[in-house]
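Here is the structure we will look at.
Because the structure is a prediction, the values reported are computed rather than measured.
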Amino acid sequence: MARRIRAHGLARGHGPVRIAQDIHEQCGPLFGTSRIKAHRLAHGVALSDIVAQVRALYEVDGKPPPRLGETLLSAYESGYKRPGPEYLHYLCAVYWVEPDALDYQGPCICGRGHAGRTGAPGVPQPRAADRRPAPDPDALVGAIVPRAEERPWATVNDARGPARADGPLTIDVGEEDIVLRRTLLQLLAGAGVALDGQFLGAVDGLRRKMDDTLVGATVSPTMLDQWEETTYGYGRQYQATPSLRMLCDVLLDFSEVRRMCDKRQPVELQERLCRIAAQLAGLSGLIMINLGDHRLARSFFRTARTAADETGDRQLRAWVTVRESLVPMYYGDPREALHLARKAQDLAGRTPGVAAAMAPAVEARALGMLALRGRGDAAPSARRALVRGRSVFDQLSKADTSDLVFGFTDRQMAFYEGDTFTNLGDHKHGDEVLSHALTLYSPTDRVDLTLVRLDRAMCKLHAGHPDAALAAGQEAILDLPADHRSDILVHRARQIGAAVAAKHGEIPALKEFYEALAGPSVTSPAPMPPAEQV
């Protein structure tokens, strides 16, 4: 909308101050657009452009580079922080307005004023020694700063510290980054955040940009080492961090990786960068499963497949495929999950690896679901698949069995076995295996740990104890902090209530159970079928 308002304003000969006023008046009531943000949108530039212009002014004034970065500027625009007197002075200088035009009261510390051109009537004039040639404010529209390669001061520093990666950063910082940074700031401030159309649109827009720009931007091996370490670090944080917060962090790094993909680069660096892109896209797909959006989950896995295909690594392609198989298992037809699990086994081949061990376990779970629906030949096939999976799992290295995201751990294997036995109706054996799995999980592995507890609650129902099943399911959900109660867990718990109602009718404990589930949770745009965190 701001882009359209700006275009109409330029067509009518309006300057940026008038355009900023129009943007604030029309976008403010709908999107909460602040006056300071309206001025940037009126110039048609990104956060990085304004940061670069402020840095340029600091350099011209002979001052050391400021710590103003995109994150801090975004906080000013969102109203979470207020610029200090010096930063406010330079922002007024960039936009050629007084502080009140940016919605800050009081005069500028320079005591001179910024509105209008130098020499305009009524504008205080600087001393000759201090005077800089003043450009026409209208000429600033759409052309605030020179190209990135012409501004060596444009390193990205913000309130969180140095930039995430070395080297020049392009000015291609879109609205997706702004939305993600604003959401992250709201989460850090403790504000409740729901997934809305604007946020999900930004997430999908970022994924589409990665599709469009695989792969480029000259990067150094050292930089890639840092990105690989960061990516594997997310695997360690995955269970302990609330899903929405994790998604913001992952996608901000995903965005920076995308910006490094502007042009083709040497094959060995290209392959490593594509691997990082595939892993971050796959991780984003897993998080979208937890948040209850199967459409975006599938889209991210599709992006991950595109990046993995660029590497030529069959093991990576198998990992993406087996992770993707969980989407149809919980949002669609288990027969499709079975197909993808077997496809992953074909890609993995006979070499023992993460996908080669995980795919038969996923196959067993899908067959268990089909057996629960009455498919007669599914039960023996599921048991054979578990044997195959366990056989490969026992050959994995310690590195492969120590990562919950990019590996396949012993606790995940036990969880998959217990879930399969439960679906096959062997609730006693299933409960034993699930009880063993609980001893293997860390207290910080919140999602998988809760899923195991909910599976055990289902075992109690199969054993003929509906009240105990409801109590166990309710306890599993209430033990979670509110920001960890993602849709996947609440919907899985509701499945227990639906199964109890189907077998035993509306028993008294059901009302209390559903009231407990109605507490705070990480919501999705619309109710979805239950999903799985792996």
Side-chain angles (χ1 to χ4, degrees), residues 325-326 329-330 334 337-338 341 357-394 401 404 408-442 445-477 479 488-489 491-504 513 529-534:
S325 68
L326 294 166
M329 181 182 292
Y330 292 94
L338 181 62
M358 183 178 176
V362 174
E363 176 185 352
R365 295 186 66 186
L367 287 167
M369 294 178 67
L370 292 173
L372 195 62
R373 298 182 181 187
R375 179 169 162 177
D377 63 336
S381 297
R383 295 182 185 275
R384 289 194 295 269
L386 282 181
V387 172
R388 291 200 315 275
R390 173 59 71 174
S391 175
V392 179
F393 178 82
D394 291 340
T401 59
L404 283 167
F408 191 50
T409 65
D410 52 353
R411 50 194 184 274
Q412 286 173 306
M413 185 69 197
F415 171 32
Y416 280 37
E417 289 174 332
D419 183 78
T420 301
F421 290 134
T422 301
N423 285 334
L424 294 178
D426 190 354
H427 59 82
K428 184 176 181 180
H429 191 191
D431 190 59
E432 290 175 357
V433 177
L434 292 170
S435 298
H436 173 63
L438 283 178
T439 66
L440 302 176
Y441 277 101
S442 164
D445 297 333
R446 297 182 187 274
V447 181
D448 276 6
L449 196 63
T450 304
L451 288 170
V452 173
R453 294 177 65 181
L454 293 173
D455 265 14
R456 291 197 69 202
M458 191 65 78
C459 288
K460 296 181 187 298
L461 175 60
H462 290 325
H465 306 295
D467 289 332
L470 293 173
Q474 179 176 328
E475 182 182 8
I477 296 298
D479 282 350
I488 178 180
L489 301 177
H491 286 175
R492 189 68 170 264
R494 284 176 180 151
Q495 266 198 321
I496 298 174
V500 168
K503 283 190 174 184
H504 302 278
F513 178 76
E532 161 84 35
Q533 166 119 11
V534 290

* Asked: Once you round to the nearest 0.5 Å, how far does CG of D455 lie from NZ of K460?
  -> 12.5 Å
* Structure fact -> To the nearest 0.5 Å, atom OG1 of T420 lies from atom CD of E363 at 10.0 Å
* Do the non-hydrogen side-chain atoms of R411 and V452 ever get within less than 4.5 Å of each other? -> no
* **Which atom of G473 lies closest to which atom of A457, heavy atoms considered** => N-CB, 3.8 Å
* Please examine the side chains of R390 and L386, heavy atoms only from C-beta on, and report whether any two atoms are closer than 4.5 Å. => no
* Asked: Step by step, would you call H462 with D431 a side chain to side chain contact (heavy atoms under 4.5 Å, CB included)?
  -> CA-CA 10 Å; H462 290 325; D431 190 59; over 6 Å; no
* To do: Could you grab the distance from atom CD of E475 to atom CG of L454, nearest 0.5 Å is fine?
  => 11.0 Å
* List the steps, then state whether side chain to side chain contact (heavy atoms under 4.5 Å, CB included) holds for H504 with L470. => CA-CA 12 Å; H504 302 278; L470 293 173; over 6 Å; no
* Least distance between heavy atoms, A371 atom then A379 atom -> CB-N, 4.1 Å
* Any idea which heavy atoms bring M329 and A366 closest together, and the distance? -> CE-N, 3.9 Å
* Asked: Counting distance only, does the side-chain N/O of S391 pair as donor-acceptor with the main-chain N or O of V387 below 3.5 Å?
  -> no
* Would you say V433 and H436 make side-chain contact, with heavy atoms under 4.5 Å? -> no
* Asked: Any side-chain heavy-atom pair from R446 and L489 closer than 4.5 angstrom?
  -> no
* Structure fact -> dist R453:CZ -> D479:CG (nearest 0.5 Å) comes out at 4.5 Å
* Asked: Any side-chain heavy atom of F415 sitting closer than 4.5 Å to one from L440?
  -> no
* Asked: Partners of H429 by ring-ring contact (aromatic ring centres under 6.0 Å, His included), sequence neighbours excluded?
  -> F421
* Asked: Who are the salt bridge (charged side-chain N to carboxylate O under 4.0 Å, His left out) partners of R375, not counting sequence neighbours?
  -> D377
* Note, M458 side chain near L434 side chain (heavy atom, < 4.5 Å) -> no
* To do: Evaluate whether atom NZ of K503 has more than 12 neighbouring non-hydrogen atoms of other residues, nucleotides or ligands under 6.0 angstrom away.
  => yes
* Quick one: pull up CG in D410 and CG in D394 and give me the separation to the nearest 0.5 Å. => 10.5 Å
* To do: Measure across A378 and L367 and return the closest heavy-atom pair with its distance rounded to 0.1 Å.
  => CB-O, 3.3 Å
* Can the ring centres of F393 and Y416 be said to be less than 6.0 Å apart? -> no
* **Salt bridge R492-D419, side-chain N to carboxylate O under 4.0 Å** => yes
* **Closest approach of A341 to S325 (non-hydrogen atoms, all atoms of both residues)** => N-CB, 4.1 Å
* From Y441 OH over to T409 OG1, what is the distance, rounded to the nearest 0.5 angstrom? -> 5.5 Å
* Does a side-chain heavy-atom distance below 4.5 Å link L404 with Q412? -> yes
* Heavy-atom pair with the smallest gap, counting every atom of M413 and G389 -> CE-C, 3.8 Å
